[in-house]
Amino acid sequence: MNIVVLAKLVPDLVEELEINDSGTGLDMTWLRLIINELDDHAIEQAILLKEKSPAHVTIMAPDIEGVDDILFTAAAKGADRMIKILGDFEEGMTNHALSRVYANILPDLNPDLILTGVQAHEDLDGSVGPLLAAFLKMPYIGYVAGVSIENGNILATKEYPGGLNAEMSATLPVVLGIQAAETPPRYVAVSKVRQAMKSSEIEEIEASELDASGSTLVERMYTPKVGEGATILEGDLEEVADNLIEIFKEMGVL
Amino acid sequence: MSTDVFVVIEHLRGKVNDISYVMLAAAREISDATGGEVLAVLLGSDVENLGSDLAANRIIYMDSPELSDFTSEGYQQAIAAIIQERNPRLVLFGHTSIGMDVASLLSVNLEIPLVSSCLTISSADGTLKYTSQLYGGKIMAEGSLSEPSTLITMVPGGYNPEDGQSSTAAEIIAVDPPQFEGLRISVKEYIEPEAGDVDISTESLLISVGRGIQSEDNIEIAEELAEAMGGVVSASRPVVDQGWLPTSRLVGKSGYQVKPKVYLALGISGAPEHTESITGSETIIAINTDPAAPIFNIAKYGVVEDIFDLVPVLTEKIEEM
């Protein structure tokens with residue numbers, strides 16, 4: 001089983017996000033980037049599958065600051081091959097463009113199973129999984145929280161609203177958009193990542209020319225006014241707690 | 001160029017999902033401005049009756065055994081055939097487990113641009129514009145919708161679902177399904193949610209914990225407050241993914257929609273996947289250390305404070321009452 005996981009870096013939402021001077025994107029200068037959380041679940045799912053039955057796991061990510069950390073961390077978790085895609089990804093990278101780049105590279109890797117996060121919080125033009133599936137003419141199942149292999153087919157648990165799940169079967173090769181791995185992404189100690197840095201290598205592949213057609217131009221980006229509707233309760237802890245109790249009483253829940 | 005707006009109706013197990021009505025409400029507003037028609041696109045097997053309350057000018061209905069369960073391939077081929085024949089100005093999908101799967105496939109296969117996470121669509125001087133919610137609801141993006149056609153996945157919150165419902169049934173246009181080719185995905189079974197000890201969708205007081213709770217042990221502070229007040233503890237996705245609380249307590253896109261009298265959000269940032277399921281609450285109160293957390297946009301009352309400082313004080317005061 002040849003598994004390829006596609007990961008990307010996105011802004012850490014814990015940080016304050018600022019708009020750039022042109023007003024059409026984020027100011028990337030001081031932005032802290034982290035792995036897209038759902039891509040981290042996709043990596044975990046790949047490692048879990050490898051632990052159950054023999055598999056070769058490749059992790060691929062565009063070359064954005066911090067990518068080496070992601071790839072070595074995946075190596076420390078058990079990934080076999082790490083690939084960094086070189087190209088001008090810092091500005092204006094859309095999912096249509098990124099998926100075309102992946103679609104040019106992936107056939108050479110002969111994947112049976114391609115996993116990626118079902119979405120990222122910066123997606124404005126669809127998500128990488130189904131776009132890529134369309135370019136590669138592979139089947140796609142998104143919102144997956146559980147994967148197993150049965151008689152050469154994939155079994156994926158797809159989530160619907162209200163806690164309803166559908167067990168779906170698909171032939172290989174297939175692309176899956178992961179919402180959650182069966183168990184949360186494992187923690188790896190920094191010492192293990194350092195070890196992986198010494199013992200493993202990151203391969204580099206040059207991206208084909210970026211083609212963003214099918215994605216959408218942003219004419220204006222802005223921060224919504226926060227707390228417009230909310231009355232912010234001020235004061236020390238005692239005062240705030242008393243205020244809350246009054247509100248609870250008014251609402252009839254106390 | 002057509003000015004018609006198509007709405008792909010999402011339904012599961014005999015029930016139309018709320019997002020479909022939200023999209024119909026959006027489509028109605030656009031077509032009022034542009035003069036186009038609203039056409040609901042209803043796909044399935046023996047589901048014609050689901051069209052009865054859709055606020056559309058007409059319903060394009062395609063019936064086929066291949067469409068009895070949602071699969072991205074079956075829907076993709078069916079919708080592609082409909083779009084190619086009728087060239088609508090816009091096609092609206094839910095930004096959901098159904099719509100997100102199929103809209104991206106269509107964007108590539110039909111070479112039509114796609115806009116995701118759209119909250120509202122506006123029309124000015126003949127130009128249609130989108131406003132989308134990005135970065136967990138912390139940033140809004142705006143731009144023009146490409147001509148002649150654009151595909152859109154919509155999030156709830158911008159339109160009232162009641163405006164997408166109608167008491168009179170729209171005319172149904174039955175269309176033949178295409179010759180389905182090479183379907184590689186099938187549904188083996190549906191798995192119903194495990195019945196929990198409580199039904200959070202009917203509780204009147206929810207003490208809900210998010211990523212800010214930090215560890216399984218810390219959930220105790222929410223449990224103590226819930227016990228003192230007679231409420232129930234629920235959670236956002238990260239908490240359930242960690243296995244700290246069962247899925248029966250999950251509020252959000254893949255979990256439950258809730259409508260309590262009071263929804264107390266502890267350390268929940270307010271990502272759209274979560275907030276779309278709590279807007280039916282009478283009063284939302286949020287406690288979060290981040291003053292820029294989007295949860296404060298929909299909360300009636302907010303406290304910018306560490307839950308580990310405030311909640312124990314609150315619990316103690318209530319216990320002493």
Side-chain angles (χ1 to χ4, degrees), chain A residues 11 13 16-17 119 121-127 130-131 133-135 139-143 158-171 179-180 184 214-224 226-233 237-238 240-241 244-245 247-248 251-254, chain B residues 12 17 72-73 97 100-101 103-105 107-109 111 113-116 132 134-136 138-144 184-193 204-205 229 241-243 247 253-256 261-262 283 292 296-305 309-310 313-314 317-318:
Chain A
L13 295 185
E16 194 177 335
L17 304 179
Q119 63 177 329
H121 55 58
E122 61 176 5
D123 292 348
L124 181 61
D125 64 322
S127 31
L131 291 169
F135 285 123
Y140 175 76
I141 305 172
Y143 268 89
K158 180 178 177 65
E159 290 191 348
Y160 285 120
L164 179 71
N165 288 329
E167 188 89 310
M168 289 190 164
S169 167
T171 57
Q179 168 66 39
S215 44
T216 311
L217 276 183
V218 176
E219 287 158 12
R220 183 166 93 95
M221 225 180 232
Y222 60 95
T223 316
V226 172
E228 246 184 352
T231 305
I232 301 293
L233 308 179
L237 292 175
E238 297 280 328
V240 171
L244 285 172
I245 287 170
I247 295 165
F248 292 150
M251 292 305 300
V253 292
L254 204 63
Chain B
L12 274 170
N17 295 355
S72 59
E73 289 179 321
S97 187
M100 286 167 66
D101 272 20
S104 287
L105 298 179
S107 173
V108 171
N109 292 339
E111 297 183 10
L114 168 62
V115 176
S116 313
S132 287
L134 302 181
Y135 302 103
K138 283 191 155 185
I139 299 283
M140 307 302 283
E142 275 178 15
S144 304
R184 297 159 291 186
I185 303 172
S186 59
V187 175
K188 294 193 75 172
E189 60 171 335
Y190 288 96
I191 304 157
E192 298 291 340
S204 63
L205 172 64
M229 294 184 70
D241 275 351
Q242 290 294 330
T247 311
K253 207 172 200 171
S254 300
Y256 293 86
K261 277 188 181 168
V262 171
T283 299
F296 291 124
N297 288 331
I298 62 158
K300 188 166 181 195
Y301 300 101
V303 184
V304 182
E305 195 66 72
D309 294 332
L310 179 59
V313 175
L314 184 62
K317 276 181 179 281
I318 292 170

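Remember, it's a predicted structure, so these values are computed and weren't measured experimentally. All chains are named by letter (A, B, ...) in the order of the sequence lines, taking the proteins before the strands, and each is independently numbered beginning at 1.
- Both the backbone and the side chain of A:Leu131 come within contact range of chain B, judged by heavy atoms closer than 4.5 Å.
- Closest approach of A:Glu159 to B:Ser97, counting heavy atoms only: O-OG, 2.6 Å.
- For chain B, no part of A:Glu16 is nearby; none of its heavy atoms comes within less than 4.5 Å.
- When side chains are defined from C-beta on, A:Tyr143 counts as touching A:Gln119, because their heavy atoms get closer than 4.5 Å.
- If you measure heavy-atom distances from A:Ile247 to chain B, the contacts under 4.5 Å come from the side chain alone.
- With a 4.5 angstrom heavy-atom cutoff, A:Pro161 touches chain B via backbone and side-chain atoms both.
- Neither the backbone nor the side chain of B:Glu111 comes within contact range of chain A, judged by heavy atoms closer than 4.5 Å.
- Heavy atoms only, all atoms of each residue included: A:Leu17 and A:Leu13 are closest at CD1-CD2, 3.9 Å.
- Among B:Ser132, B:Ser107, B:Gly243, the residue making the largest number of heavy-atom pairs under 4.5 Å with chain A is B:Ser107.
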- Going through the checks in order, is the side chain to side chain contact (heavy atoms under 4.5 Å, CB included) test met by A:Ile232 and B:Val303? CA-CA 6 Å; A:Ile232 301 293; B:Val303 184; over 6 Å; no

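- Annotation: maximal heavy-atom pairing with chain A below 4.5 Å, among B:Tyr135, B:Tyr256, B:Tyr190, B:Tyr301, occurs at B:Tyr135.
- Within a 6.0 Å sphere centred on CD of B:Glu192, other residues, nucleotides and ligands contribute more than 12 heavy atoms.
- The most heavy-atom pairs under 4.5 Å with chain A, out of B:Val187, B:Leu105, B:Asn109, come from B:Leu105.
- Here the side chain of B:Glu73 pairs a donor or acceptor atom with the backbone of B:Ile185 at under 3.5 angstrom.
- No side-chain heavy atom of B:Met100 sits under 4.5 Å from any side-chain heavy atom of A:Pro130.
- With a 4.5 angstrom heavy-atom cutoff, B:Lys261 touches chain A via backbone and side-chain atoms both.
- In this structure, the portions of B:Leu310 lying under 4.5 Å from any heavy atom of chain A include both its backbone and its side chain.
- A salt bridge between B:Glu142 and A:Arg220 is present, with a side-chain N of the basic residue lying under 4.0 Å from a carboxylate O of the acidic one.
- Taking chain A as the reference chain and counting heavy-atom pairs below 4.5 Å, the highest number among B:Lys138, B:Lys188, B:Met140 is found for B:Met140.
- Between chain A and the options B:Ala103, B:Ser72, B:Gly302, heavy-atom pairs under 4.5 Å are most frequent for B:Gly302.
- Interface remark: B:Ala141 contributes backbone and side-chain atoms alike to the contact with chain A (heavy atom separation under 4.5 Å).
- Your options are B:Val313, B:Ile191, B:Val115, and the one with the most heavy-atom pairs under 4.5 Å with chain A is B:Ile191.
- Counting only distance, with no hydrogens or angles, the side chain of B:Ser116 and the backbone of A:Gly126 share a donor-acceptor pair below 3.5 Å.
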